[in-house]
Amino acid sequence: MNIIDMIDREQMRFDHPDFRAGDTVNVHIRIIEGSKERVQNYQGVVLKVKRGKMNATFTVRKISHGIGVEKTFALHSPRVEKIEVISLGKVRRSRLFYLRERRGKKARIKERRIL
Amino acid sequence: MPKTMGILGRKIGMTRVFNEEGRSIPVTVIEAGPCTVLQKKTADQEGYDAIQVGFLEKKASRLNKPEAGHVKRSGGKGFYHVREFRVADAAAYELGQQIALAEIVNIGDKVHISGKSKGKGFQGVVRRYGFAGGGATHGSMFHRAPGSIGCSASPSRVFKGKKLPGRMGNFLKTQKNLTVVDIRNDDNLLLVEGSVPGSRNGLITIFTKE
């Protein structure tokens, strides 16, 4: 195996569930405050999933106190404790940037059913 | 840190690793060593103390006679790359001795890394020196040219060192004070933070503190 792949594979995490753009996920983030470490939940819609080995990232958007917030996580980061898939969304594109211009009812995403 | 003792290596490529805090660090992966001591140079004989080492073993059938003769006393193995490192005391080394990566660097150390940068060919001043260039459109007739290169009758010559188009890259470049992120002895791999001159599979020299 290629040496770079070997180093990547050692660090990559295969414990995360599969999810794609449009799904709602709850990300458990490990946060270090001073000397303390705690886990914060961050729940929202996945706007995009950037594939790749160690470079894979995903962006989650949520509305926090009326303000849109987007966070991008490295998929294989040890700071991401756990990813929970809350619901599956049915969308027709892989990058949901159009959600940024939408509010309330217009920003809804249909549920995807698994056959 | 003077450029003294070091080890030869081959650049493998770049990736990222996460540290204990979970921060992502861009790293260059280098296959470094082991190097074999081929010759010792001493202050008495050559006027300075140094060791000559070889890296990447060559098949015996590929050695020419002068090369074979040179490596005879150090075990008879020839190498693709041979280089000299200045050391304080060459007598501390033995001919044929293998210098492994772990013996000269530790995780967290700072190292200097030299390599031949990628050749870019004949380049203009915009790419070579970062000149701003002119407007592309709106009637501009000045695009990527260097512009005025000096005064007129006095001095009636162009000053030496004037930045003009020419060959770019393909020269020895040293990246200083790179942090060693990880060392893997089984595969002779060295991971340093940041980038390193040269292309993949290019020969690089890692200088450490004596």
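Within every chain, numbering begins at 1; the chains are lettered A, B, ... in the order of the sequence lines, protein sequences first and strands thereafter.
Checked by atom type and distance alone, the side chain of His16(A) pairs as donor or acceptor with a backbone atom of Leu75(A) at under 3.5 Å.
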Residues 44-60 of chain A side chain polar contacts: donor-acceptor under 3.5 Å, at least two apart:
unit_1   : atom_1 : unit_2   : atom_2 : d
Lys53(A) : NZ     : Asp5(A)  : OD1    : 3.0
Thr59(A) : OG1    : Thr72(A) : OG1    : 3.1

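In terms of the salt bridge (charged side-chain N to carboxylate O under 4.0 Å, His left out) criterion, residue partners of Arg61(A) (sequence neighbours excluded) are, by chain and number, Glu70(A). In this structure, the salt bridge (charged side-chain N to carboxylate O under 4.0 Å, His left out) partners of Glu81(A), at least two apart in sequence or on a different chain, are Arg30(A).
Thr179(B) and Lys110(B) share a side-chain donor-acceptor pair at under 3.5 Å.
Results of the side chain to side chain contact (heavy atoms under 4.5 Å, CB included) test with Ile204(B) over Leu8(B), Thr28(B), Ile7(B), Ile30(B) single out Ile30(B) as the only residue that passes.
With values rounded to the nearest 0.5 angstrom, Gln52(B) atom CD is found 11.0 Å from Arg83(B) atom CZ.
Residues of residues 186-193 of chain B having a heavy atom under 4.5 Å from any heavy atom of chain A, listed by number: Asp187(B), Leu189(B), Leu191(B).
Only the side chain of Glu10(A) comes within less than 4.5 Å of a heavy atom in chain B; its backbone stays farther off. Interface remark: Val27(B) contributes no atoms to any contact with chain A (heavy atom separation under 4.5 Å).
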